[in-house]
Amino acid sequence: MTQGWNAVVPNPLFLHKAPRPGGVQTKDSFMADHDRVEGAAKNLGGKAKEAAGNVTGDEKLKAEGRADQVEGKVQNAVGGMKDTLRGDQH
């Protein structure tokens, strides 16, 4: 590798996954759909809320936690469908 302003630096986006066969490698092919990530986070947050509600005896907090979990699962499923339609095999 040369040094200086013209040094060749590998792009970290292209190091972890080979190009898709017969297709062009895009940013979307590197990661799960945004909905899947957000859905998983919302589900996890809902579990934490529900647990906090159980500890404190707060029924409203428990209900919010369960609702967040359902919302997260739905969002995760939507992201999975998008991945399937795009042909991603995560």
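Note that CG of D68 and CG of L44 are 11.0 Å apart. Values are rounded to the nearest 0.5 Å.
Partners of N43 by side-chain hydrogen bond (donor to acceptor under 3.5 Å, both in side chains), not counting sequence neighbours: none found. For E64, there are no side-chain hydrogen bond (donor to acceptor under 3.5 Å, both in side chains) partners at least two apart in sequence or on another chain.
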Show me, pair by pair, the donor-acceptor contacts under 3.5 angstrom made by side chains of residues 53-61, not counting sequence neighbours?
from	atom 1	to	atom 2	distance (Å)
N54	OD1	K62	NZ	3.4
N54	ND2	E50	O	3.4
T56	OG1	A52	O	2.9
T56	OG1	D58	N	3.4
D58	OD1	K60	N	3.1
D58	OD1	L61	N	3.2
E59	OE2	K62	NZ	2.9

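Under the side chain to side chain contact (heavy atoms under 4.5 Å, CB included) test applied with K82, the options T84, L85, V78 reduce to a single match, V78.
Within the structure, salt bridge (Lys or Arg N to Asp or Glu O under 4.0 Å) contacts touching residues 37-47 (residues at least two apart or in different chains) are K42-E71.
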